[in-house]
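Just so you know, these numbers come straight off a predicted model, no measurement behind them. Chain letters run A, B, ... following the sequence lines, proteins first and then strands; every chain starts at 1.
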Number of protein chains: 2
Amino acid sequence: MSSSCSRCCDEKCASKVPIFFGLSQEDLKRVVSLIVRKEYEKDEILVLKGSNLEGLIIVSKGRVKAFRDTLEGREQILYIFSEGDFFGEKNLLQNRDVTYTVQALEKTHICMIKKVDFHQLFRTNPDIGLKVLQELCNRLYHLENALESIGSRSVEARINSVLLDFAHKFGQTHPQGIMIELPLSREGIANYIGLTRETVSRKMSLLQEEGIIKMVGHKKVIILNKEALDQPVI
Amino acid sequence: MSSSCSRCCDEKCASKVPIFFGLSQEDLKRVVSLIVRKEYEKDEILVLKGSNLEGLIIVSKGRVKAFRDTLEGREQILYIFSEGDFFGEKNLLQNRDVTYTVQALEKTHICMIKKVDFHQLFRTNPDIGLKVLQELCNRLYHLENALESIGSRSVEARINSVLLDFAHKFGQTHPQGIMIELPLSREGIANYIGLTRETVSRKMSLLQEEGIIKMVGHKKVIILNKEALDQPVI
DNA sequence: CGTTCGATTGATGTCAGTCAACCCGAGTGG
DNA sequence: CCACTCGGGTTGACTGACATCAATCGAACG
């Protein structure tokens with residue numbers, strides 16, 4: 001837990017996280033000393049909806065999904081958190097229970113800062129509060145966009161927007177366009193945008209036929225024509 | 001603008017707003033001195049998507065809707081803000097343009113605090129930052145719920161959840177149940193939950209036939225059986 | 001090479017959207 | 001006080017797109 005390697009990882013973790021950008025060396029060291037690390041295997045549950053979380057959790061490696069079970073029995077995926085993202089902020093300030101279940105999509109490392117420690121940090125470094133505020137604004141922005149595109153009745157628009165979203169978050173430049181390592185299965189994508197896996201499958205096949213994307217196996221996609229995805233679909 | 005009446009209204013305004021709860025008398029007075037008031041008639045636009053907003057806007061009387069125009073030409077309503085709610089926070093901290101258009105649903109009074117003034121206030125009263133943080137968490141919570149219910153394919157679930165939402169925000173106790181003064185027309189409700197006005201109409205008629213709600217004119221609804229709306233709908 | 005689980009494809013049914021007609025209540029003017 | 005008008009709300013018939021069910025495929029792993 002406190003070997004020199006994990007410590008170095010901690011520092012890397014802390015410095016990767018936007019909310020700690022701009023901290024002095026000493027402050028950063030203090031943050032690192034407060035961090036508790038943990039690892040999760042694929043499919044492991046990090047937190048369960050309705051449980052009480054003892055702190056703020058920052059993803060330092062890997063990807064997780066945050067979702068709720070709908071009344072119909074589906075999962076509604078709300079967020080995909082990856083390197084540098086954090087969650088658990090609602091519990092930090094208010095004494096709310098977690099409002100979603102978080103599950104690892106792959107092997108994942110996290111850092112946790114306990115509630116009391118964060119409060120302490122917050123008091124001595126008001127800038128961190130500002131950073132958190134900004135990050136929450138970003139998340140609001142993300143959700144507003146998601147709501148707009150899901151509220152949109154056009155299924156194509158939803159698919160396009162989720163592909164662009166993934167390209168933005170996980171895309172790598174590639175000779176033919178943008179290569180995405182998909183964080184979710186077809187079913188996962190379906191649960192993200194409120195469709196069935198079959199429909200997602202069909203629509204993605206269509207996009208491939210049209211030469212807009214190219215599937216590489218099932219877990220990778222190359223976006224060949226990004227502009228086409230941005231076009232308004234009626 | 002600074003007659004004794006409007007001043008008294010200002011104080012009422014400031015004290016009604018959760019983010020100013022817990023301020024000392026002097027601080028409250030300072031806030032009041034910074035407030036600029038404005039009034040809007042029904043249907044007037046308060047801010048236009050993409051424009052730049054000079055400050056934080058607090059609704060002190062009336063109701064407004066925040067929406068975006070979708071690619072399909074529909075409005076996607078994101079929020080209904082009423083007494084005590086604020087918006088414009090994204091512009092306050094980051095230099096983002098407004099991400100939605102805000103329009104008055106009825107005659108509305110607002111208070112505005114300029115960006116610089118707010119920053120000043122923020123520096124001398126860090127607690128306000130915490131309050132804003134909490135409020136943003138609430139809004140995240142609201143959007144997550146909205147996403148869950150819109151993402152849900154069940155149309156009934158969407159209608160039920162918007163009715164419960166309105167009951168929570170605008171409901172008055174009534175001998176027969178909860179009376180709601182609807183902030184939106186059928187079309188508005190449809191735009192809120194991603195349906196058509198006809199479907200909203202049909203489903204609400206159904207709910208009335210089942211004895212779960214009762215419509216009073218077109219603008220009021222009494223919820224007779226709140227529990228039924230909470231039931232999982234397949 | 002075989003097994004397994006996810007992805008795809010096909011056939012069918014259902015339900016919300018669309019278009020169109022009609023209703024109703026509020027406001028207006030005779 | 002009633003007739004008229006107008007805009008939102010309701011209702012009906014039809015259509016089409018997505019869900020559903022079922023069969024098949026195929027990639028990834030041992």
Side-chain angles (χ1 to χ4, degrees), chain A residues 41-43 65 70-77 105-107 149-160 162-163 180-210 213-222 233-234, chain B residues 42-43 65 70-76 105-106 149-160 162-163 180-210 213-221 233-234:
Chain A
E41 296 301 321
K42 178 168 155 60
D43 294 336
K65 64 177 174 182
T70 68
L71 295 172
E72 307 162 281
R74 257 180 68 243
E75 290 184 352
Q76 176 62 50
I77 296 179
L105 292 167
E106 51 199 66
K107 191 172 173 63
S149 76
I150 286 204
S152 142
R153 268 170 266 111
S154 158
V155 169
E156 282 80 6
R158 301 196 211 182
I159 301 256
N160 292 358
V162 81
L163 284 174
I180 305 170
E181 165 103 32
L182 293 174
L184 298 172
S185 67
R186 298 291 181 275
E187 177 149 32
I189 296 174
N191 286 337
Y192 201 23
I193 58 184
L195 298 174
T196 59
R197 58 177 179 280
E198 292 97 329
T199 302
V200 171
S201 206
R202 276 185 254 267
K203 294 298 175 184
M204 284 181 63
S205 299
L206 257 172
L207 284 175
Q208 181 160 244
E209 276 174 40
E210 292 166 11
I213 66 173
K214 183 177 170 193
M215 296 189 244
V216 183
H218 285 144
K219 295 202 179 109
K220 285 178 186 168
V221 165
I222 304 174
V233 194
I234 318 99
Chain B
K42 178 172 155 60
D43 293 335
K65 64 177 173 183
T70 68
L71 296 172
E72 307 162 283
R74 257 179 69 241
E75 289 182 354
Q76 176 63 50
L105 291 167
E106 52 199 66
S149 78
I150 286 203
S152 143
R153 268 170 266 114
S154 157
V155 170
E156 283 80 6
R158 302 197 208 181
I159 301 255
N160 292 359
V162 80
L163 284 174
I180 305 170
E181 166 103 33
L182 293 173
L184 298 171
S185 67
R186 296 292 180 273
E187 179 149 31
I189 295 174
N191 285 337
Y192 200 24
I193 57 182
L195 299 174
T196 58
R197 57 176 178 283
E198 293 97 327
T199 301
V200 172
S201 207
R202 275 185 255 266
K203 295 298 176 184
M204 283 181 63
S205 299
L206 257 173
L207 284 175
Q208 179 159 245
E209 275 174 40
E210 292 166 11
I213 66 172
K214 185 179 171 191
M215 296 188 242
V216 184
H218 286 145
K219 295 200 179 108
K220 284 179 187 166
V221 165
V233 194
I234 316 98

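Atom-to-atom, CG of B:L195 to P of D:dT10 comes out at 14 Å; the value is rounded to the nearest Å. Separating the CD1 atom of B:I159 from the C1' atom of C:dA16 is a distance of 11 Å, rounded to the nearest angstrom. Atom CG in A:L207 sits about 16 Å away from atom P in C:dA7, given to the nearest Å. Separating the CG atom of B:L206 from the P atom of D:dT10 is a distance of 12 Å, rounded to the nearest angstrom. Put simply, CG on A:N191 is 14 Å from C1' on C:dG6, counting in whole angstrom units. Taking atom NZ of residue B:K203 and atom C1' of nucleotide D:dG9, one finds them 17 Å apart after rounding to whole Å. Distance B:I189 CD1 to D:dG8 P: 14 Å, rounded to the nearest Å. Spacing between atom CD of A:E187 and atom P of C:dA7 amounts to 8 Å, rounded to whole angstrom units.
In this structure, the helix from C:dC1-D:dG30 to C:dG30-D:dC1 shows an angle of 30° between the axis at its start and the axis at its end, each fitted on 5 base pairs and rounded to 10°.
Contact between the side-chain N/O atoms of A:T196 and the OP1/OP2 oxygens of D:dC18 is not found at any separation under 4.0 Å.
Residues satisfying the side chain to side chain contact (heavy atoms under 4.5 Å, CB included) criterion with B:E209, sequence neighbours excluded, are B:L206. With sequence neighbours excluded, no residue forms a side chain to side chain contact (heavy atoms under 4.5 Å, CB included) with A:S201. For B:K220, the side chain to side chain contact (heavy atoms under 4.5 Å, CB included) partners are B:M179, B:E181, B:V216, not counting sequence neighbours. With sequence neighbours left out, A:R186 forms a side chain to side chain contact (heavy atoms under 4.5 Å, CB included) with A:L182, A:R197, A:V200, A:M204, A:M215, A:H218.
Distance CD1/B:I193 to CD/B:Q76: 10.0 Å, rounded to 0.5 Å.
With a 4.5 Å cut-off on side-chain heavy atoms, A:V221 and A:K214 do not count as touching. Residues A:D43 and A:L105 fail the side-chain proximity criterion, which asks for heavy atoms closer than 4.5 Å.
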What string of B, S and - do you get for nucleotides 8-13 of chain C, 5' to 3', when a contact is any protein heavy atom under 4.0 Å? BBBB--
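Minimum heavy-atom separation, A:Y192 to A:I77: CD1-O, 3.4 Å. Contact detail for B:A190 and B:T196: the closest heavy-atom pair is CB-C, 3.5 Å.
A:K219 comes within contact range of no nucleotide atom at all, as no heavy-atom separation falls under 4.0 Å.
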